[in-house]
Amino acid sequence: MSGRLLIIDGHALAFRAYFAFAATNLTNSKTGLPSGAIFGFWRMLFKLLQDEHVTHIAFTFDPGTRLERNDLYEDYKAHRKPMPEDLKPQIQKIYEMLQALEFPMYKINGIEADDIIGSLCKKFAKDFEEIVILSSDKDLYQVLDKNIHMLRGKRGVSEFEKIDPKWVKANIGITKEQVPDYMGLLGDASDNIPGVKGIGEKGAAKLIQEFGDLETIYKKIDKVKNKSLIDKLIAEKENAFLSRKLATIVTNLKLDIKKSDLKLPNYYDPKKVQYFKDEGYNVLHRDLAKQAGIPIASDGDSKEETPSAKKSSKEKKETVTEDSSNRSKKGNTDSVTTAVVAKQSYKRIQTLDELKKIISKLDSKKPISVDTETTSQDPMLAELLGLSFSEEPGVAYYMAFSHSESIYSHLLPSAEEALKILKPMLEDPKWKKVGQNIKYDLLVLRNYGIELKGIYFDTMLASYLLNPGERRHNMDDMAVDYLNYKTITYEELVGTGKKKQNLYDIDPDKVSEYACEDADITLQLHNALSPKMEEGIHKKLFYEIEMPVLHTLADMEFEGIAVDKKYFESLSETFETKIKEHEKNIHFYAGRQFNVNSTKELQTVLFEDLRLPAEKKTQTGYSTDHSVLESLQGTHPIIDDLLAIRKFSKLKSTYTDTLPTLVNPKTNRIHTSYNQTIAATGRLSSTNPNLQNIPIKDEEGRLLRKGFIAKKGFEILSLDYSQIELRIMAHFSNDPNMIDAYKSGADIHKRTAAGIFGVSEDQVTPDMRNKAKIVNFSVIYGVTSFGLSNNLKIGRKEAKEFIEKYFAAYKGVATYMEEIVEFCKQNGYVETLLGRRRYLPDIHSSHKMVSEGAKRVAINSPIQGTSADMIKLAMIRIHEKIKKESFRSKLLLQVHDELVFEVDPKEKNEFYQMAKEEMESAMKLKVPIVAQGKFGGNWDEAH
DNA sequence: TGTTGATGCAA
DNA sequence: TATTGCATCAACA
């Protein structure tokens, strides 16, 4: 009994490698075929072999054939997402390579990899000191044992979680023997094992804990506490037992395998090392040769396995020497890698004298990272608890401030006193500041009378530019992705649930560890990311758009907008009365009381009690949404009341009830928060509250805009771009007809109507124009005949004709759409006029719906994104002019194609001219750009 | 207590 | 089976 056996589910590892390296666009140097999964597979494998001290190994693969479990259940593993198209050949190649390198592999017709794994474990349990299974399949928990554990992939490339029987007991609360029963109740969506519908992880675990197995549950079914659970269990008894069977791993396969068959082959054998070179995987070859101590011929040629995008020769080298464990899974960030320095020196500064001394020793020529600790996520409400900084990797300081409610307060200086000492550093514009979401710290400090200057690098924005499709750009994830480093999370610091503490109640020494790490990691992220921002494609966007607009947004958020609180409160009452009235009617027509807000109950009322025809389905039942209700209008009087109550409930709950609560007590204004790193196209988004979706379309909705008012003596100005996206499409497509329309100042919707209805422009009726307007919008979103028919409420055929006529009238647009999709297929991304990229790996999907979706995104993103770039530029310039020319007017809001200002009437004309001009000239296109504006006492009047 | 789905608001 | 978002409520685990 010696040695360590590693059993690998080959498909699982290949899948993992594929997704981890999907966006790297690696290709093989000889064949030019995609090789991300292959590259990742070997990198991950070699790392595992080293980390786990493996002596023996076995690869298992699912067969391509029908499975024995299909005899039990035809749908087993059906509905599985098909494998990505470019993965299939790579798995084939991996299989070949494993064979060539003489790794032991097992694939058996009709038998799943899991069953081979189970049987191997059973057979060899006594022959090895330890058996490690690499898989993520929960079913396999049942084969774990004292010396058998599993590694399940976590986030990142080389992070694994160790699962053993103790883990199963601790995290699910069941024994490994109970796993099949547990899975029988739970089911498994990925294998299409049904389980019992309505029972989830918690429910299944509870039942098994209490009763032990399925038999006992059904024997003592009346003992089950939850009545609705009993119904579910009885209704799906058959499924439960079938699912248990499907989830039971076979461990008694007759395998003709000896321990010696599983010996790890010597992959350092020069012939095997050479194999990678011969196959065109030069980077893998180099890595392996280096480890094996084999000298490499210095051909310096390493074109393969670098992204297909253009790169400088210097970066190629970096790619070659990097460590796979540091490789980011974030998109095209192929060579971002810096190991976190080994020694750490984090220090909490105890006294003001000490603070002075440390500050005086800092080097103002070096970038310094700054991070604040506060009491709130909202920078306009946050109170400062401390500040950390770092100008050298691994070395960071934290200064804790007193807080009125903290028991540690008497030991600490006040924020005001400490900030006096920090102020010269923080406000020195030549001293470069680095931050993670530094707009937040900027605002917090501003509320303490400190104007943070010299801001030059935000790591969150850098990460966003590298991969705008990724929504997570928080420091903890970035540390793992870019530095291969696991940080202390905020939750770990303050606790969770009932144990959660206020930050000011936690020992400052502990907070210091956390805060110093934040500053340290932020600086290191900057070191890793800043070379990337120097590249042509990112430089302009980062330094000329995203970083500057950060300042503009901070000022907008700080400024806020005035609202009429009393007015909103009275609107709430008006709406409440209406809601009560309609609710009474609805209950009357239904013949009973029920929760009108509950779609589930409403379904019963409409489609069962009242027997109205149900049409649209949702995942959970029949839809009751607006379009359904609209089509039922006239069939029953309840419908009108439902439509009305929906409208008023929405207005009340989302807007009139909520907005007054978000008024800042100190400023008496609402301060939204703009997020710069959410929208994949480059747009901004707005939260707390979202001021980018305030109603405007109908009369009642517009009432809300009357509540957003100018402060005393000022006026609201709203300036918005006219048909900006259509104009950008005209520019991109170069279509002569569309360009002519804009150059000559024609009515574009009228012109489109003339085209699709085959009449002259003066014969176009308002109705035709409206339809044409919808068609124009649809095209920007990547129109389909189905979508258009829905929107115009016409037949598919008619919609199709419209589209054909549209493309005949604007041939350039048709060509553009084809070209952009082709470009995306070739390059794997699309980009805006300024080069903002969006990667779309789905464009290659063999799944039609997925690839068609990606095509629409490919069509829309450059247009939506260019518009976003343009208005950001305009905002930056207007903001600069406001400061430089000392306007008293302020920019308050951005709503994608609209800017809202609070204007001093004394400078009304001058300001209007300036803002309009900046918007129209922000970017030069082949067609004129037009912005139009209006003044008013409130936001509604300014439209 | 936190997560998911349905719904509806904007550009 | 139209693009990009965010907030609310109910239902569920």
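Residue numbers begin at 1 in each chain, while the letters A, B, ... track the order of the sequences.
Backbone-only engagement by T658(A) is indicated by non-hydrogen atom pairs under 4.0 Å involving sugar-phosphate atoms exclusively. Using a 4.0 Å heavy-atom distance criterion, N688(A) is classed as a sugar-phosphate-only contact. Within 4.0 Å (heavy atoms only), S623(A) reaches sugar-phosphate atoms of the nucleic acid but no base atom. Heavy atoms of A680(A) sit under 4.0 angstrom from primed sugar atoms or phosphate atoms, though from no base atom. Residue V857(A) is in sugar-phosphate contact alone, with no base atom involved, counting any heavy-atom pair closer than 4.0 Å across all strands shown. Residue contacts shown for S785(A) are absent, as no nucleic acid heavy atom lies under 4.0 Å away. Residue contacts for I696(A): at a heavy-atom cut-off of 4.0 Å it reaches the sugar-phosphate backbone alone, with no base atom in range. Backbone-only contact: I199(A) has heavy atoms under 4.0 Å from sugar-phosphate atoms and none from a base. Residue contacts for F777(A): at a heavy-atom cut-off of 4.0 Å it reaches no nucleic acid atom on any strand shown. Using a 4.0 Å heavy-atom criterion, one finds that N693(A) contacts the bases of the nucleic acid, with or without backbone contacts as well. Residue-level contact check: S686(A) touches the backbone only, with heavy atoms under 4.0 Å from sugar-phosphate atoms and none from bases. Using a 4.0 Å heavy-atom cutoff across all strands shown, I678(A) reaches sugar-phosphate atoms only and no base atom.
Neither OP1 nor OP2 of dT3(C) sits under 4.0 Å from any side-chain N or O of T681(A). At least one side-chain nitrogen or oxygen of T620(A) sits closer than 4.0 Å to the OP1 or OP2 atom of dA6(B). Considering only side-chain N and O atoms, Q619(A) lies under 4.0 angstrom from the phosphate OP1 or OP2 of dA6(B).
Side-chain contact, S722(A) with R727(A): a donor N or O sits under 3.5 Å from an acceptor N or O.
The nearest whole Å value for the distance from the CD atom in E615(A) to the C1' atom in dT1(C) is 15 Å. Straight-line distance from the CZ atom of R646(A) to the P atom of dC9(B): 10 Å, rounded to whole Å. Taking atom CG of N675(A) as the reference point, atom P of dC6(C) lies 7 Å away to the nearest angstrom. Separating the CD1 atom of I871(A) from the C1' atom of dA11(B) is a distance of 10 Å, rounded to the nearest angstrom. The distance between atom CD1 of I859(A) and atom C1' of dT3(C), rounded to the nearest whole Å, is 11 Å. Atom pair M729(A):CE and dA2(C):P shows a separation of 18 Å (rounding to whole Å applied). At whole-Å resolution of the value, CG in N790(A) and P in dT1(C) are 11 Å apart. To the nearest angstrom, C1' of dG8(B) lies 12 Å from NZ of K616(A).
Of the candidate nucleotides dT4(C), dC6(C), dA2(C), dT4(C) has the atom nearest to the side chain of R838(A). When distances run from any side-chain atom of I774(A) to the nucleotides dT8(C), dC6(C), dA2(C), the shortest one goes to dA2(C). Of the listed nucleotides (dA2(C), dT7(B), dA11(B)), dA2(C) has the atom at the smallest distance from the side chain of N791(A). Checking dA13(C), dA6(B), dA2(C) against the side-chain heavy atoms of T784(A) singles out dA2(C) as nearest. Each of dA7(C), dG5(C), dC9(B) was ranked by its minimum atom distance to the side chain of T687(A); first place goes to dA7(C).
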- Item | Q894(A) and Q692(A): CA distance, side-chain angles, deciding distance, side chain to side chain donor-acceptor pair (under 3.5 Å) verdict | CA-CA 7 Å; Q894(A) 188 252 40; Q692(A) 291 180 319; 3.0 Å; yes

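Under 4.0 Å is where a charged nitrogen must lie from a carboxylate oxygen, and between E236(A) and K232(A) no such pair does. Comment: K855(A) engages E852(A) in a salt bridge, judged by a side-chain N to carboxylate O separation of less than 4.0 angstrom. Using a cutoff of 4.0 Å between basic side-chain nitrogens and carboxylate oxygens, E546(A) and R836(A) are scored as salt-bridged.
Heavy-atom distances under 4.0 Å link DNA chain B to T599(A) of residues 593-602 of chain A, given in residue order.
The distance from atom NE2 of H671(A) to atom CG of L691(A), rounded to the nearest 0.5 Å, is 11.0 Å.
Nearest heavy-atom pair, S653(A) versus T658(A), reported as atom, atom and distance to 0.1 Å: O-OG1, 2.6 Å. Residues G701(A) and P695(A) approach most closely at CA-CB, 3.6 Å, considering heavy atoms.
The base of dT4(C) lies close enough to the side chain of R683(A) for a donor and an acceptor atom to sit less than 3.5 Å apart. Judged by distance alone with a 3.5 Å cut-off, a donor-acceptor contact links the side chain of Q864(A) to the base of dT3(C).
For Y806(A) and F802(A), the ring centers are positioned 6.0 Å apart or more.
Remark on DNA chain C: of its neighbouring residues S653(A) and R471(A), the 5'-side contact belongs to R471(A), judged by nearest-heavy-atom nucleotide.
Between R592(A) and D609(A) there is a side-chain heavy-atom pair separated by less than 4.5 Å.
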